[in-house]
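Letters A, B, ... are given to chains in the order of the sequence lines, protein chains preceding strands, and every chain is numbered from 1. In this text the structure is predicted, and so the values were computed from the model without any measurement.
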Protein chains: 2
Amino acid sequence: MTKTEAARGDILAALAEVFRAHGYEGATLALISEATGFGKGSLYNFFPDGKEQMAAEVLASIDRWFVDNIYTPLRTASDPAKGIAAMYAATDAYFRSGQRVCLVGVVALGASRDIFAAKVKTYFVGWVDALAAALRRLGDERGAARRKAEHAVLEIQGALVIARALDDSKVFSRALAESQKRLVKR
Amino acid sequence: MTKTEAARGDILAALAEVFRAHGYEGATLALISEATGFGKGSLYNFFPDGKEQMAAEVLASIDRWFVDNIYTPLRTASDPAKGIAAMYAATDAYFRSGQRVCLVGVVALGASRDIFAAKVKTYFVGWVDALAAALRRLGDERGAARRKAEHAVLEIQGALVIARALDDSKVFSRALAESQKRLVKR
DNA sequence: GTCTATAAAGCGATAGAC
DNA sequence: GTCTATCGCTTTATAGAC
């Protein structure tokens with residue numbers, strides 16, 4: 001990785017936090033400028049197409065992170081059950097036990113969904129598919145694996161909403177633990 | 001109900017749709033003016049404190065609707081199982097099989113959560129409590145009823161995210177049906 | 001009560017100096 | 001590359017005519 005590529009990664013990480021905290025509509029260039037430490041001129045040098053490009057690249061970088069750190073390990077783990085356990089652990093860490101919101105989920109619920117529909121779909125389909133593959137390796141039939149995987153991802157997104165709404169991170173970690181237990185057991 | 005109270009109800013309904021579609025930050029007075037059919041001057045005559053008051057009253061009206069049409073029936077149904085079935089049916093109808101988003105959930109995930117934290121909490125606590133009361137009447141022990149109720153509400157919110165993300169309303173209705181089955185059975 | 005006109009501030013985006 | 005200055009537009013909110 002070159003030096004400028006690494007710097008771009010740092011900028012995308014800061015951008016992601018701003019979009020997470022304020023949503024696409026609420027993330028102003030003033031907030032972005034403050035969070036990244038770059039003036040507007042520099043930001044438009046990095047992202048000629050402005051805010052939309054920033055969000056698109058952030059979503060792409062999040063998807064990349066999940067592919068590398070969650071989906072691929074889930075598919076290639078020698079023990080699928082351990083792979084699933086690692087997924088839940090990584091998910092709890094990534095979302096800071098529910099104190100950090102899922103930007104892709106926020107975009108899915110918001111008005112900007114139409115602009116980023118393809119990226120939103122890719123993210124969730126990737127998650128469901130990788131989890132379903134692990135469940136099949138655990139012996140589940142194709143349809144059951146898909147259905148259970150979709151439901152587990154749904155539970156994670158729901159847990160983020162409820163944890164934020166009740167302002168209680170224990171709700172999130174508990175929901176994840178129960179989801180995992182349910183997934184491996186039945 | 002007086003004539004002006006009914007008119008205010010109509011305005012709040014139109015306001016709710018705008019906030020649902022664009023979020024708190026994205027709901028501009030221009031959009032609100034178009035949706036309600038009132039000029040900005042009239043809007044500030046109805047809501048002297050502007051956008052924040054509009055959203056606060058919308059959230060209050062949503063909570064009132066859920067108390068009247070979901071929480072209270074859930075508590076007073078002669079058959080708790082039928083009360084729960086009615087809740088799921090009303091929920092599916094209210095959210096238009098997942099094509100309509102939950103404004104309270106959207107607010108919970110967004111930056112405006114801090115402003116409306118109390119109202120968000122009231123809404124979800126009211127739902128969980130009412131559902132837990134029905135489950136207790138079905139024979140569940142106190143802790144189990146609470147835990148299962150919280151999980152069911154979590155599933156509804158998660159289903160809204162996934163249905164919007166995958167752009168598939170079948171996902172929502174199917175998730176609700178499975179949630180209901182799971183809740184009454186075990 | 002409802003409107004139009006307008007204020008004051010903030011918005012995304014661009015130009016141009018360095 | 002990064003900045004400051006600025007454009008043109010939109011934002012929330014207010015004032016005042018009717």
- Message: Quick check on DNA chain C: between A:Glu25 and B:Ser42, whose nearest nucleotide comes earlier from the 5' end?
- Response: B:Ser42
- Query: For the residue pair B:Phe66 and B:Phe95, does the interplanar ring angle fall in the parallel (under 30°), tilted (30 to 60°) or perpendicular (over 60°) class?
  - Reply: tilted
- Query: Closest to the B:Thr28 side chain: D:dT12, D:dT2, C:dT2?
  - Reply: D:dT12
- In terms of ring plane angle, is the pair B:Trp65 and B:Tyr94 parallel, tilted or perpendicular, where the classes change at 30° and 60°? tilted
- From D:dT11, C:dT14, D:dT12, pick the nucleotide closest to the side chain of A:Tyr44? C:dT14
- Item | Candidate nucleotides D:dA13, D:dC3, C:dG1, ranked by approach to the side chain of B:Lys40 - the nearest | D:dA13
- Query: Rounded to the Å, how far apart are B:Glu52 CD and D:dT11 P?
  - Reply: 19 Å
- Starting at CD of B:Gln53 and ending at P of D:dA13, how long is that distance when rounded to a whole Å? 11 Å
- Upstream residue (5' side of DNA chain D) when B:Gly41 and B:Lys51 are each assigned their closest nucleotide: B:Lys51
- Under-4.0 Å salt bridge between B:Glu150 and B:Arg147: no
- Task: Would you mind telling me which of D:dT2, D:dT11, C:dT2 lies closest to the side-chain atoms of A:Phe46?
- Result: D:dT2
- Query: Going by an N to O cut-off under 4.0 Å, is there a salt bridge joining A:Asp140 and A:Arg146?
  - Reply: no
- Task: For B:Leu29 and C:dT4, give me the distance from atom CG to atom P, rounded to whole Å.
- Result: 15 Å
- Task: May I have the distance from B:Glu34 (atom CD) to C:dT2 (atom P), rounded to whole angstrom?
- Result: 18 Å
- Task: Select base, sugar-phosphate, or nothing to describe what B:Ala27 touches, counting heavy atoms under 4.0 Å on all strands.
- Result: sugar-phosphate
- Check the angle between the aromatic planes of B:Trp127 and B:Tyr71 and answer parallel, tilted or perpendicular using the 30° and 60° thresholds. tilted
- Query: Could you give the CZ-to-C1' distance, from B:Phe47 to C:dG1, as a whole number of Å?
  - Reply: 14 Å
- Query: Rounding to a whole Å, what distance do you find between B:Phe38:CZ and C:dT4:P?
  - Reply: 13 Å
- Roughly how many Å is it from CG in B:Asn45 to P in D:dA13, rounded to a whole number? 15 Å
